[in-house]
There are 2 protein chains.
Amino acid sequence: MAKEKARDLRAGVALLWGEQDRPTRGPKPSLTPGRIAEAAVALADAEGLDAVSMSKVGAEFGVSAMALYRYVPGKAELVELMVESVLAEAPDLSTAGPGWRRQTVEWARCSERVHRAHPWLLAATAMRRQLMGPHQLGWLEAALTALAPTGLTAAQQHRVFVLVAGFVRTHVQQLVDFDEEHSREWGLLTAELLARHAERFPALTAALEAGAFAPETADPDAADSLRFGLDRILDGVQLLIDRGH
Amino acid sequence: MAKEKARDLRAGVALLWGEQDRPTRGPKPSLTPGRIAEAAVALADAEGLDAVSMSKVGAEFGVSAMALYRYVPGKAELVELMVESVLAEAPDLSTAGPGWRRQTVEWARCSERVHRAHPWLLAATAMRRQLMGPHQLGWLEAALTALAPTGLTAAQQHRVFVLVAGFVRTHVQQLVDFDEEHSREWGLLTAELLARHAERFPALTAALEAGAFAPETADPDAADSLRFGLDRILDGVQLLIDRGH
DNA sequence: CCCAAACTGTTTACGTCATCAGCAGTTGCT
DNA sequence: AGCAACTGCTGATGACGTAAACAGTTTGGG
């Protein structure tokens with residue numbers, strides 16, 4: 001079983017890096033993993049990740065579900081290809097000018113942009129096994145390049161990267177599953193229940209009265225909440241840099 | 001459809017708060033939503049969230065899948081109940097002593113502990129619609145209580161909470177899907193490919209050589225990586241507090 | 001006191017999904 | 001020419017969530 005896993009992994013990595021030998025015999029393949037992934041991405045963009053089934057992707061090419069298995073080992077690998085497809089162009093941080101901080105902010109903005117353009121990306125990267133293809137590594141490369149001048153150790157740089165990337169994820173998560181009507185409805189119902197249990201939740205009641213969850217502030221789009229978290233994090237990182245070890 | 005949604009939501013909220021009128025007629029119910037949720041939690045703890053199906057949970061009580069629908073509107077609501085069940089006891093931050101920072105760290109530790117005890121919690125809260133029951137609100141209450149003395153505005157406190165809670169999530173995510181053998185295998189394969197494309201990934205190659213991804217540092221358990229991120233974040237928050245607005 | 005209403009849990013069925021096994025047709029190397 | 005390698009297909013399997021209809025049980029209203 002360990003061997004099976006290893007072979008699966010090897011095949012998956014080869015697929016991600018596009019390093020597989022093309023066969024010469026037999027009918028010409030009508031598809032490629034790349035085109036399949038693109039179709040799946042289009043489908044996910046339009047109808048969500050749940051709508052991405054082998055049948056539906058196949059139908060996009062007028063082909064049965066099983067035909068896809070000639071190009072892709074299984075659905076998990078297809079999702080990995082989708083992620084790679086969407087991360088194709090690594091961010092260009094040079095436009096942000098010099099300075100690790102400006103460039104890191106730019107990296108976060110680019111990441112946010114991709115996630116907002118493809119909301120299923122969050123779920124896709126959450127479910128996947130830890131496998132990074134070349135495009136994903138390109139994003140990591142860009143971030144590490146931005147962090148290089150900080151003088152932090154390699155391990156620290158990596159940790160800062162994880163911190164920032166994780167923050168973008170949670171930030172986008174909130175953007176994505178924010179639903180105006182749903183949220184307001186829940187707010188009303190909960191406010192009522194909260195009032196009935198005010199003694200159990202004094203701080204919460206106070207915050208509610210102070211408007212901490214008022215629509216303007218609850219709507220994550222307002223006031224650029226990416227900046228708030230990012231500024232806190234990068235302030236903290238700056239302190240670490242200044243401290244000099 | 002809006003009406004349907006609203007009714008669903010109302011029912012869901014009532015379920016979470018345990019505010020539903022018990023019927024008098026008919027056979028005595030043999031189950032309760034709470035007991036069902038507990039069984040589902042046990043199942044998820046043992047075999048993962050994917051193993052939680054209506055059949056299997058029903059089987060835990062020697063009952064068919066459909067029987068559960070007498071207690072729970074559907075699977076989504078069952079998952080919500082599972083989350084509530086696991087968050088039953090809100091964290092006690094007073095043991096950490098005084099000071100917003102110590103208490104916030106303690107909150108994060110408690111949250112980490114729960115997530116590690118129930119690894120499926122991440123996936124469960126990721127998939128759910130934004131619905132918080134009383135126990136989840138209890139955790140929020142605890143955090144806001146800790147943050148109250150900071151002098152930050154209610155909206156800022158809320159944002160700091162989101163920041164910290166999100167960080168714990170991503171941190172635990174890493175802990176959870178870290179797999180020794182899998183990770184090493186991927187590392188080997190990727191290192192090989194990386195070497196072959198070293199010119200495309202100079203920073204990455206340098207970081208690799210500097211040991212940024214060496215097992216000791218790659219293993220997120222080592223060196224308390226919760227502290228690293230949390231310290232950066234809270235340093236940044238401290239600056240915000242000092243700045244006085 | 002009795003019966004209809006309310007409630008329980010069951011079986012059956014439907015549609016969807018990923019994936020396995022086997023088949024028929026196509027291509028190109030030897 | 002013939003065989004091996006390859007394509008895409010059909011059909012089947014077992015899992016899932018849940019809708020519908022039904023049989024059995026309890027109890028309040030008459």
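Quick note on labels: first sequence line is chain A, next is B, and so on, each numbered from 1. Predicted model, so just to flag it, every value in this text is computed and none were measured.
A:E47 places its CD atom 11 Å from the P atom of C:dC17, with the value rounded to the nearest Å. Remark: P of D:dT7 and CZ of A:F61 are 15 Å apart, rounded to the nearest angstrom. Between the CD1 atom of B:I36 and the C1' atom of C:dT8 there is a distance of 13 Å, rounded to whole Å.
Classified by interplanar angle (parallel below 30°, tilted 30° to 60°, perpendicular above 60°), the ring pair A:W139/A:W107 is perpendicular.
Under the 3.5 Å distance criterion, the side-chain polar atoms of A:K75 are matched with a main-chain donor or acceptor of A:V52. Of the possible donor and acceptor atoms, none in the side chain of A:S85 sits under 3.5 Å from a partner among the backbone N and O of A:L81.
When distances are taken from the side chain of A:K75 to each of C:dA5, C:dC29, C:dA18, the shortest belongs to C:dA18. Distances were taken from every side-chain heavy atom of B:Y71 (C-beta onward) to each of D:dC16, D:dA20, C:dG9; the shortest belongs to C:dG9. Of the candidate nucleotides C:dC7, C:dT10, C:dA6, C:dA6 has the atom lying nearest to any side-chain atom of B:R25. Listed candidates were C:dC7, D:dT18, C:dA21. Nearest to the side chain of B:M66 is D:dT18. Closest to the side chain of B:S55, out of C:dT19, D:dC16, C:dG9, is D:dC16. Between D:dA21, C:dG28, C:dT11, one nucleotide has an atom nearer to the side chain of B:R70 than all others, and that is D:dA21. In the set C:dT10, C:dT8, D:dG17, the nucleotide with an atom closest to the side chain of B:P27 is C:dT8. Candidate nucleotides D:dT26, D:dG17, C:dA18 were compared by shortest atom distance to the side chain of A:S53, and C:dA18 ranks first.
A:R35 has its side chain out of reach of A:Y71: every pair of non-hydrogen atoms, C-beta onward, lies at least 4.5 Å apart.
Heavy-atom distances to DNA chain D give each of A:G26 and B:A65 a nearest nucleotide, and the one nearer the 5′ end belongs to A:G26. Both B:S64 and B:T24 sit near DNA chain C, but only B:T24 has its closest nucleotide nearer the 5' end. Closest-nucleotide positions on DNA chain C for B:R22 and B:L68 were compared, and the one nearer the 5' end corresponds to B:R22.
The shortest distance between the side-chain N/O atoms of B:K28 and the OP1/OP2 oxygens of D:dT27 is below 4.0 Å. Close to C:dT8, at under 4.0 Å from its OP1 or OP2, lies no side-chain N or O of B:Y69. Residue B:K56 places no side-chain N or O under 4.0 Å from the OP1 or OP2 atom of D:dA15.
Among the atoms of the strands shown, only primed sugar atoms or phosphate atoms (P, OP1, OP2) are found under 4.0 Å from some heavy atom of A:A67. Across all strands, A:V57 comes closer than 4.0 Å to no nucleic acid atom at all (heavy-atom distances).
Residue B:D50 qualifies as open at atom CG: its count of foreign heavy atoms under 6.0 Å is 12 or below.
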